[in-house]
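In this chain, residues are counted from 1 in sequence order. None of these values were measured; they are calculated from a predicted model. As a basis for the values below, the full set of heavy atoms in this structure was taken, side chains included, without hydrogen atoms, waters or symmetry mates.
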Amino acid sequence: MTVDDAFTLRDPGVGTATPPPAGYSVTDTPYGTRVEGPDGGRLLYAATDAPADAAADGRGHGTHEVDVAIVDVVASPQTIGALRRAGIVGVTTAVLAVGGDHRVPSPAEFERRARLWAASAPSDGQDLHCPPASWPGARIRGPHRVLITGGARSGKSAEAELRLLGEPEVTYLATGPAAEGDDDWAGRVDLHRRRRPSWWKTEESLDAATVLERATGAVLFDCVGTWLAGMMERCGMWRETPPTGAESALEERIDELVDAWRRCSARIVAVTNEVGSGVVPATVSGGLFRDRLGRLNQRLAAESEQVALVTVGRVLELP
C-alpha cells in the first residue's frame, strides 16, 4: 500500500518497504502499522490479530484513535470489533474494508458485509484521504431487531455472527440444552464457540426475556427454536399428558419473550428455524412444536426492523 505517493507499507506490523520522508511517523504496534502524516492525519493498517484490549500505556481509552483504519475483512472481520473495543476505531474513524477475493461470492456480497460493520469497500486503485473527505456511515445501534431464519445447516448462525463481528460489546445468548452425553451436539456447540471472538460474553439461559431486558451493546440470540423446545419442556408440554395449566404457562413465557424483544434497547440479532417448508412432522409433539414456532416467528418478525432468510449460505432480505 502506497501512502501519499511517498512511501510503501509492508504487511501490517512489519514497517515500510521504502523509508518515509521527513514529517511522517511510522510505528509498528500490536494493532498494526500506524502512520501519522505532516498534517496530523492518523492511519492504521490493521493487523489481522489486533487485540481487543486498550493500549497499556495509561493514556486512556480513545487516545490512540485514528482517522482511517484499513482492515482485511476477509482474513479477519472481527478485527473491526476488536479495534472499536480497544478505542482505536471511534465514531469519526473511517473503516476501509479490503481483502476481497474468491472467498467472498461476489463484489456485491463483499459490499454488503462491509455495510454491516459500518465500513466502506474502496475499489482497486482508488485514492483515499486521511482524514477522510466525508464522515463515515453511521453504525447500526440499538434499539434494532433482526430475525434470521433458515433451515438446518443453511448458514443462518454464521450469518448472525457475521453481522455482529464489528461490534465492541456482544452478549451471546445460548438457549440450547447442555451437551453432556450427545457428541454431535457437543461438536456443534464447540464449533460455534470457536467461531466467536474471545471478548464476546456468553450467557447460557432459557430466561431469554430477562437477558434481553438488561442487555446493552449487541446481543446474538441463538436460537429461538431451542428456546421454545426448552420452555415447552419446562412447562411440561412434552409429557404424554401435560399438567393442568401447561399451555397457559407456555403462552405467558412466549408473551414475555415477545414483549422483551419489542422493548429491548440493544442491537439484537436472533436466529430461528424455518419450519414452514419442511417435512410434515410424524408425531403429535412434532406438529405442536412446528405450529408454535411458526406463530412465534411471525410475532417476532412483526416486531423486527429486518428479517432475513438464509439458504445454502446465501442471504435474502425479506421486505
Side-chain angles (χ1 to χ4, degrees), residues 1-104 107 110-111 113-139 165-168 197 199:
M1 183 178 65
T2 302
V3 179
D4 291 345
D5 290 326
F7 62 99
T8 302
L9 296 178
R10 297 185 186 272
D11 290 339
V14 293
T16 64
T18 55
Y24 289 89
S25 168
V26 179
T27 308
D28 291 334
T29 77
Y31 308 101
T33 301
R34 181 186 177 100
V35 179
E36 297 192 19
D39 61 353
R42 300 160 299 175
L43 166 74
L44 181 75
Y45 189 18
T48 56
D49 59 350
D53 301 320
D57 59 3
R59 292 174 57 186
H61 191 273
T63 56
H64 293 272
E65 186 175 315
V66 297
D67 299 303
V68 173
I70 301 174
V71 182
D72 185 339
V73 298
V74 177
S76 180
Q78 64 266 27
T79 294
I80 298 177
L83 294 176
R84 286 194 172 116
R85 186 174 180 85
I88 306 299
V89 167
V91 174
T92 61
T93 302
V95 178
L96 305 181
V98 299
D101 57 22
H102 66 278
R103 291 170 291 178
V104 180
F110 185 82
E111 292 177 4
R113 295 182 187 185
R115 289 194 299 272
L116 293 175
W117 308 316
S120 59
S123 58
D124 290 344
Q126 180 178 345
D127 288 334
L128 302 168
H129 299 276
C130 181
S134 60
W135 285 82
R139 192 169 109 240
L165 289 178
E167 292 300 306
W199 66 88

Non-hydrogen side-chain atoms of [X] and [Y] separated by less than 4.5 Å:
X	Y	result
P131	V68	no
P197	L165	yes
R84	V95	yes
L44	T93	no
F110	V73	yes

Quick one: pull up [atom1] in [X] and [atom2] in [Y] and give me the separation to the nearest 0.5 Å.
X	Y	atom1	atom2	value
Y45	D72	OH	CG	7.5 Å
E111	S120	CD	OG	10.0 Å
I88	I80	CD1	CD1	14.0 Å

Hey, mind stepping through V104 and V74 against side chain to side chain contact (heavy atoms under 4.5 Å, CB included) and telling me if it holds? CA-CA 8 Å; V104 180; V74 177; 3.7 Å; yes
Testing the basics here: between [X] and [Y], what is the closest heavy-atom pair and its distance to 0.1 Å?
X	Y	answer
A47	T79	O-CG2, 3.5 Å
A6	P21	CB-CG, 3.8 Å
R139	P168	NH2-CD, 3.5 Å
P51	A86	O-CB, 4.0 Å
P136	V91	CG-O, 3.7 Å

Kindly check if the number of other-residue, nucleotide or ligand heavy atoms within 6.0 Å of CG (D101) is above 12?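 Yes - once you tally the heavy atoms of other residues, nucleotides and ligands closer than 6.0 Å, there are more than 12.
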D5, CG: over 12 other non-hydrogen atoms inside 6.0 angstrom: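 Not buried by this count: 12 neighbours or fewer within 6.0 Å.
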For a side chain to side chain contact (heavy atoms under 4.5 Å, CB included) check, start with the C-alpha distance between M1 and I70, then their side-chain angles and the critical distance, and finish with the verdict. CA-CA 10 Å; M1 183 178 65; I70 301 174; 3.1 Å; yes
Is it true that a side-chain atom of [X] and a backbone atom of [Y] form a donor plus acceptor pair closer than 3.5 Å?
X	Y	result
T18	F7	no
R42	E65	yes
D67	C130	no
R113	A97	no
Y31	A55	yes

From CA spacing to verdict: side chain to side chain contact (heavy atoms under 4.5 Å, CB included), Y24, D4: CA-CA 10 Å; Y24 289 89; D4 291 345; 2.6 Å; yes
Using the rule side-chain contact (heavy atoms from CB on, under 4.5 Å), only one of L43, V3, T33 pairs with V26; which is it?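 Answer to the side-chain contact (heavy atoms from CB on, under 4.5 Å) test with V26 among L43, V3, T33: T33.
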